[in-house]
Amino acid sequence: MSAEIIAIIISAVGLMLTMGTMMLAGFAWCVRRIDAVDQRLGARIDAVAADVNELKISVAELKISVARLEGPPRHLLVATR
């Protein structure tokens with residue numbers, strides 16, 4: 001083998017190693033980024049769920065208060081003796 005062919009083979013191997021390393025590093029970066037976004041999004045969803053539960057409780061209390069203000073339902077027939 002001549003020196004030029006050996007140089008081409010070494011260059012090709014070096015290029016493949018460099019590109020493989022870059023792809024691996026890029027994939028690792030993407031995975032870390034997705035994990036960070038997932039954690040932040042999970043925290044926001046939990047906060048919203050807590051707010052929704054508080055809102056449900058408030059609405060239930062409001063319904064009870066309105067029902068107490070309105071009193072019992074009126075009957076169409078009045079009992080007479």
Quiz item: Rounded to the nearest 0.5 Å, how far apart are CG of Asp38 and CD1 of Ile34?
Solution: 9.0 Å
Quiz prompt | Rounded distance (nearest 0.5 Å) linking atom CG of Leu55 with atom CG of Leu62 | solution = 10.5 Å
Quiz item: Does Met23 belong to the same Ile/Leu/Val/Met/Phe/Trp/Tyr cluster as Leu17, with side-chain heavy atoms less than 4.5 Å apart forming each link?
Solution: no
Quiz item: Is Met16 close to Val13 at the side-chain level, that is, under 4.5 Å between some pair of heavy atoms?
Solution: no
Practice problem: Identify which one of Ile10, Ile8, Ile9 satisfies the side chain to side chain contact (heavy atoms under 4.5 Å, CB included) criterion when paired with Ile6. | Solution: Ile10
